[in-house]
Structure formats: structure tokens, C-alpha cells
Amino acid sequence: MKIFVVFGSNSDEGTYAPLIEELKKAGEVEFAVISAHRNLEELQAKLKSWNGDVIVAGAGLAAALPGVCASISDKPVFGVSVMAHFGGLDALASIAQMPFGMPVLTSGAGQEKNIAAFLLRYQEFLQKEQPRLHFVLPPFAAEEDYAKAEFARAGTLAEEKGWHVTEGSKYAGDAFNIIYVTEDADILPDVLGAHVPLFSKEAIQKPENYLKIYNWAQKGGLWVGANNSRNAVLAAERLFKNATEENRERENHDTITGDSVSRIG
């Protein structure tokens, strides 16, 4: 696996140096400091020419870098919330609350080691055909209209993208799980998947509720924004569609050149 790590400032070395060491357990790491605000053209040129598997982008304050990477590249993007101010709350919100169509999976502030752990689990799934998507629903899912509406639109998108979709109250070990979170007990930090904070229309209007998301993300796993499970679907598509296409290209190349005679007999 080839991993491109990009941060917006050299001042973030205290975050990216140990992260790079963790990511080396998952693959080959290339690193650069490129600011989305100050060096946008350089960032565009790098991402358009880079041929690898995943992008890990970190920034604090406005934390625009991960979202900009997702808008330039179709590779899977993971966001790192640098704890510059407010314990990284502002950075987490900036990265997680990407609009629909710009999928970025992020760890909690100061929890970037979870990205490396995720990538190790993810690599195990690359040996299989595209897995199904499994929606892990909270107990009240059948009772609340806003919850049912969120599940329905995410499920519709997943089926449009060609996924086999299942659902249940427990996670599936052979699937990419989309995990809806309404309380601490819903969090599954060691499961391959993405967590989606789930709020009613009234609750999502209250700024103090973002502190709940901040605290949930500190407990582990990777996350998208509140009520944005469609971006979790799109993140899964980037992860597995790109990997499947690249594996097929490598297999075709090996077969044509004879490089894999020992593997194909």
C-alpha cells in the first residue's frame, strides 16, 4: 500500500512524525508539507500526478486540507484533526462536516493512530471481492422518522452504487460497517467501518451537541459528520472501487507480461 501524508504546516511535526511511524506498519509512506491555502496549485499538481492508494491529510484551525484533497483526488482521504486550538474541536468539525460528495473519514482529535489501525484492517479486506455494506442501527431505528429517513437515503445511494446492503443491530465481521451513534455504547472502535453521529432535526441545531461528537470520536474509530451516512457510503466506494480496479489492472499487466507465471500456473 502506498500512502501519501500531507500536512499544512511544519509546525504540526509533533502530530505527523509519530503518525508516519504508525502508518509505516501499513505501507510505504510519502510525506509533504503543502498548505491548501498558501500552495493550492502545488497541491493540485501533486495529487493529480500521484499514483498511490490512500491520502492522509492533517491540519488544524480551519482544517481545509483534507476536504480540498477529497475534491481534487478520487483516492480515499483520511483527515487528521490537529489539536491547535480548543483541543482540536474546530479542526474535527471542519474535517468531519464535509458536504455530501466530499467523503473524508476522520479520527478524533489526537487519535490519529486510529487511521493506521483502520488501514491495517482494511488491507485484510483487499484480498476479498468487494464486501457488502452493513448498516449497524440503534435500537430505536424503527420508531423515529428522522432516523428511518437517514437510513433510507443512505441505503438508496448504496444500492445505486451497486453495493449489496444488509442491516442489523450488531456489526458484521465480513462487511464494511456504517455505524450509527446516538450514545457511547454504539461506538465500535475496532470494527472496519465508519461512525455516523445521528441526531434529530431539533438536536442538530444546537451547537453544544457537537461536544457530544467530539467526545464520541475520542473513544476511537473513524467518523463522518452528523447525519451524513451518504458520505460514509462514498468513502467505502473510494476505498474498495479504487482497490478493485487497481488490482485488476495489475493482474492484467502481470498476465500479459508473464510476470505472474508462478501465480497463474
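Other residues, nucleotides and ligands contribute over 12 non-hydrogen atoms within 6.0 Å of the OH atom of Tyr146. With a 6.0 Å radius and a threshold of 12 heavy atoms from other residues, nucleotides or ligands, Glu183 has its CD atom above the threshold.
Residues forming a salt bridge (Lys or Arg N to Asp or Glu O under 4.0 Å) with Glu42 (at least two apart in sequence, or on another chain): none. Residues passing the salt bridge (Lys or Arg N to Asp or Glu O under 4.0 Å) test with Lys113, sequence neighbours excluded: none. For the side-chain contact (heavy atoms from CB on, under 4.5 Å) test, no residue two or more places apart in sequence or in another chain qualifies with Lys201. Considering only residues two or more places apart in sequence or on other chains, Lys212 meets the salt bridge (Lys or Arg N to Asp or Glu O under 4.0 Å) condition with none of them. Contacts of Lys170 classified as salt bridge (Lys or Arg N to Asp or Glu O under 4.0 Å), with partners at least two apart in sequence or in another chain: none.
Applying the ring pair (Phe, Tyr, Trp, His ring centres under 6.0 Å) rule to pairs touching residues 35-80 yields Phe4-Trp50, Phe78-Phe118, sequence neighbours excluded. Each salt bridge (Lys or Arg N to Asp or Glu O under 4.0 Å) pair with one or both residues in residues 18-29, not counting sequence neighbours, appears once here: Glu21-Lys24, Glu22-Lys25.
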For a quick test of your reading: what N or O donor-acceptor pairs under 3.5 Å do the side chains of residues 9-18 make, sequence neighbours left out?
| unit_1 | atom_1 | unit_2 | atom_2 | d |
| --- | --- | --- | --- | --- |
| Ser9 | OG | Ser11 | N | 3.1 |
| Ser9 | OG | Ser11 | OG | 2.7 |

Show me the donor-acceptor pairs within less than 3.5 Å that the side chains of residues 149-159 make with the rest of the protein, sequence neighbours left out.
| unit_1 | atom_1 | unit_2 | atom_2 | d |
| --- | --- | --- | --- | --- |
| Glu150 | OE1 | Arg153 | NE | 3.0 |
| Glu150 | OE1 | Arg153 | NH2 | 3.1 |
| Glu150 | OE2 | Ser229 | N | 3.0 |
| Glu150 | OE2 | Ser229 | OG | 2.4 |
| Arg153 | NH2 | Asn227 | O | 3.0 |
| Thr156 | OG1 | Ala152 | O | 2.9 |

Enumerate donor-acceptor pairs with a distance under 3.5 Å from any side-chain N or O in residues 188-200 to protein atoms, sequence neighbours excluded.
| unit_1 | atom_1 | unit_2 | atom_2 | d |
| --- | --- | --- | --- | --- |
| His195 | ND1 | Leu222 | O | 3.1 |
| His195 | NE2 | Leu188 | N | 2.9 |
| Ser200 | OG | Glu202 | OE1 | 3.4 |
| Ser200 | OG | Ala203 | N | 3.1 |

Atom pairs and distances, donor-acceptor, side-chain atoms in residues 86-97, under 3.5 Å, two or more places apart:
| unit_1 | atom_1 | unit_2 | atom_2 | d |
| --- | --- | --- | --- | --- |
| Ser94 | OG | Ala62 | O | 3.0 |
| Ser94 | OG | Asp90 | O | 2.9 |
| Gln97 | OE1 | Tyr210 | OH | 3.1 |
| Gln97 | OE1 | Ala226 | N | 3.2 |

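Cluster partners of Leu120: none. The rule joins Ile, Leu, Val, Met, Phe, Trp and Tyr whenever side-chain heavy atoms lie under 4.5 Å apart, and it links nothing here.
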